[in-house]
Asks: 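Quick one: this structure, given as structure tokens, is what I'll be asking you about.
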Amino acid sequence: MHTLFLVNPGSGPKNNPDHITAVIKKVYLDASESCEVKVIDFKTLPEDIAAAQKRGITHVFAVGGDGTVNAVASHLIGTSMALGIIPRGSGNGFARHLGYSTRLSLALKQSLYARPVTIDTATWNNRSFVNLAGVGLDAEVSQAFAAAGKRGFLPYAAASASRLLNFHAQPYTVIADGITYQFPALIGIVVANGTQWGYDAWVSADSRLTDGVLDIILVRPFSLMQILPVVGSLFMGGFDKWSFVEKLHAKTIQIIRAAEGPVHLDGEPGIGGAHIQVEVVSHSLQVLLPNTLRQERRKQL
């Protein structure tokens, strides 16, 4: 097994790359395993991963948040290299879904002898994502969170509350596997391959990474009086059971809105067009599951 750790020092509230590197090397030295550690240079990331593959690297761990995972994964899709995660971001949604601890030393111990499983990924106007993507409220929250320049749960909660109180519903057309649906007022659309935004907030608790389809979560406006129970349901896994939430399943999705606007892919904000094409890419990425994951949980991925 040949392992490379790619460290993003810009992820999360407090990340010291020298400290992270030292902990990685100690855990692997204590286990008599070899590894390489490199601070990510996003400009040269494609070349660095290609060079690692030529050197015989088989396991690549993204050390950072969901955005770091997205960046690394996009260059591993369709290759023989497997993606692992050492969560060092804020929400760490995809790492939590896979079962990795947010404690650095424990996540590293979980990475030892991790076994790969092949999962689906998806494309959003030809850009890859592995966990969640969306338009509407959650995209605006991602944009506000990034602009705030602060990391952690409280800044994320503040961005969410601010956008929710000031958000106006918009009309959307969704074409799912050729069937057209009209929605005159939605506050957001989430396309889910995985299950959660982060912080254990489960937007689509029964989504599976290996079922060959994507889940489309359509959220209609709801009363401000419902905010507290709605937030509670996110952490209890029941959000998609609310009457104002509708769920579709499809391999190919078109999202049509009145104009371009905010989007997010795996929590990374951007601006997308009025017409969005989303497609599942079945069994396209190997991911490394923590060695502590029980067999029953593996079946739920």
Side-chain angles (χ1 to χ4, degrees), residues 91 93 122-125 127 129 131-146 156-157 159-198 201-207 213-235 237-280:
T123 59
W124 178 286
N125 283 353
R127 290 181 57 197
F129 70 95
N131 186 29
L132 303 174
V135 294
L137 180 62
D138 69 327
E140 292 206 4
V141 169
S142 294
Q143 192 176 61
F145 183 54
Y156 183 81
S160 300
S162 171
R163 284 299 181 270
L164 179 58
L165 292 173
N166 296 285
F167 194 82
H168 298 288
Q170 301 174 25
Y172 290 91
T173 298
V174 175
I175 305 173
D177 285 344
I179 302 174
T180 301
Y181 303 85
Q182 301 284 350
F183 300 97
L186 293 177
I187 63 172
I189 299 175
V190 180
V191 180
N193 188 39
T195 56
Q196 63 161 291
W197 280 311
W202 299 73
V203 64
S204 183
D206 59 355
S207 288
V213 297
L214 299 169
D215 296 321
I216 311 160
I217 297 89
L218 308 142
V219 186
R220 296 183 175 86
F222 56 89
S223 167
L224 293 180
M225 298 293 290
Q226 294 176 292
I227 288 180
L228 288 179
V230 166
V231 170
S233 70
L234 283 169
F235 296 97
F239 174 76
D240 52 1
K241 304 301 187 290
W242 284 93
S243 61
F244 56 80
V245 177
E246 185 170 347
K247 201 166 187 178
L248 304 173
H249 313 277
K251 294 182 177 181
T252 301
I253 306 157
Q254 294 180 60
I255 300 171
I256 303 168
R257 52 184 174 173
E260 70 174 21
V263 303
H264 83 87
L265 276 69
D266 291 330
E268 287 297 294
I271 298 296
H275 193 137
I276 298 160
Q277 179 81 20
V278 187
E279 296 183 11
V280 70

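Note that the coordinates shown come from a computational prediction; the quantities given were computed from them, not determined experimentally.
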Asks: Side chain to side chain contact (heavy atoms under 4.5 Å, CB included) between Phe222 and Val245: does it pass, once the steps are laid out?
Replies: CA-CA 10 Å; Phe222 56 89; Val245 177; over 6 Å; no
Asks: Side-chain contact, heavy-atom cut-off 4.5 Å: Val278 with Leu214?
Replies: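 Yes, side chains in contact.
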Asks: Return yes when atom CZ of Arg220 has more than 12 non-hydrogen atoms of other residues, nucleotides or ligands closer than 6.0 Å, and no otherwise.
Replies: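 For Arg220, atom CZ is crowded (more than 12 foreign heavy atoms under 6.0 Å).
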Asks: According to the interplanar angle, ranging from 0 to 90°, do the rings of Phe239 and Phe244 count as parallel (below 30°), tilted (30 to 60°) or perpendicular (above 60°)?
Replies: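 Taking Phe244 first and then Phe239, their aromatic rings stand perpendicular (interplane angle over 60°).
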Asks: Nearest 0.5 Å, what's the CD1-CG distance between Ile255 and Leu186?
Replies: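 If I round to the nearest 0.5 Å, the distance is 10.0 Å.
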Asks: I'd like to know if the side chain of Asn193 and the backbone of Asn131 have a donor-acceptor N/O pair within less than 3.5 Å.
Replies: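 Here the side-chain-to-backbone pair does not exist.
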Asks: How long is the gap from CG on Asn125 to CG on Leu265, to the nearest 0.5 Å?
Replies: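 Here the interatomic distance stands at 9.0 Å.
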Asks: CG of Leu132 to CD of Gln196: how many Å apart, nearest 0.5 Å?
Replies: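 Result: 8.5 Å between the selected atoms.
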Asks: Quick check: does any side chain N or O of Asp215 sit under 3.5 Å from a backbone N or O of His249, one acting as donor and the other as acceptor?
Replies: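 A pair under 3.5 Å: no.
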Asks: Applying side-chain hydrogen bond (donor to acceptor under 3.5 Å, both in side chains), can you list everything that pairs with Asp240, at least two apart in sequence or on another chain?
Replies: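 For Asp240, the residues satisfying side-chain hydrogen bond (donor to acceptor under 3.5 Å, both in side chains) (neighbours in sequence not counted) are Lys247.
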Asks: Mind listing the closest non-hydrogen atom pair of Gly194 and Ser207 along with its distance?
Replies: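 That would be O-CB, 3.1 Å.
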Asks: Tell me every residue that passes side chain to side chain contact (heavy atoms under 4.5 Å, CB included) with Ser223, counting only those two or more places apart in sequence or in another chain.
Replies: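 Ser223 satisfies side chain to side chain contact (heavy atoms under 4.5 Å, CB included) with Met225, Gln226 only.
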Asks: For the atom pair CD (Gln254) and CD (Glu279), what is the distance rounded to the nearest 0.5 Å?
Replies: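 Gln254 atom CD to Glu279 atom CD measures 9.0 Å (nearest 0.5 Å).
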Asks: Could you give the distance from CZ (Phe183) to CG (Leu218), rounded to the nearest 0.5 Å?
Replies: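 One finds 4.5 Å between CZ of Phe183 and CG of Leu218.
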Asks: Considering all heavy atoms of both residues, which atom of Lys251 and which atom of Asp177 are nearest to each other, and what is their separation?
Replies: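 Smallest interatomic distance, heavy atoms only, reads N-OD1, 3.0 Å.
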Asks: Taking all heavy atoms of Ala205 and all of Gly237, pick out the closest pair and write down the distance.
Replies: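 Looking at all heavy atoms of both residues, the shortest contact is CB-O, 3.5 Å.
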Asks: Looking at every heavy atom in both Ala250 and Ala176, which two are closest together, and how far apart are they?
Replies: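 In terms of heavy atoms, the two residues are closest at CB-CB, 3.7 Å.
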Asks: Going from CD1 on Ile256 to CD on Gln182, what distance comes out if it is rounded to the nearest 0.5 angstrom?
Replies: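 Result: 8.0 Å between the selected atoms.
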Asks: Using the side chain to side chain contact (heavy atoms under 4.5 Å, CB included) rule, take Ile216 and Glu246 through it: C-alpha gap first, then chi angles, then the decisive distance, then the call.
Replies: CA-CA 8 Å; Ile216 311 160; Glu246 185 170 347; over 6 Å; no
Asks: Between Asp266 and Trp124, does the side chain to side chain contact (heavy atoms under 4.5 Å, CB included) criterion hold? Intermediate values first, please.
Replies: CA-CA 11 Å; Asp266 291 330; Trp124 178 286; over 6 Å; no
Asks: With side chain to side chain contact (heavy atoms under 4.5 Å, CB included) as the criterion, how do Val280 and Val213 come out once you've worked through the C-alpha distance, each side chain's angles and the decisive distance to 0.1 Å?
Replies: CA-CA 6 Å; Val280 70; Val213 297; 5.9 Å; no
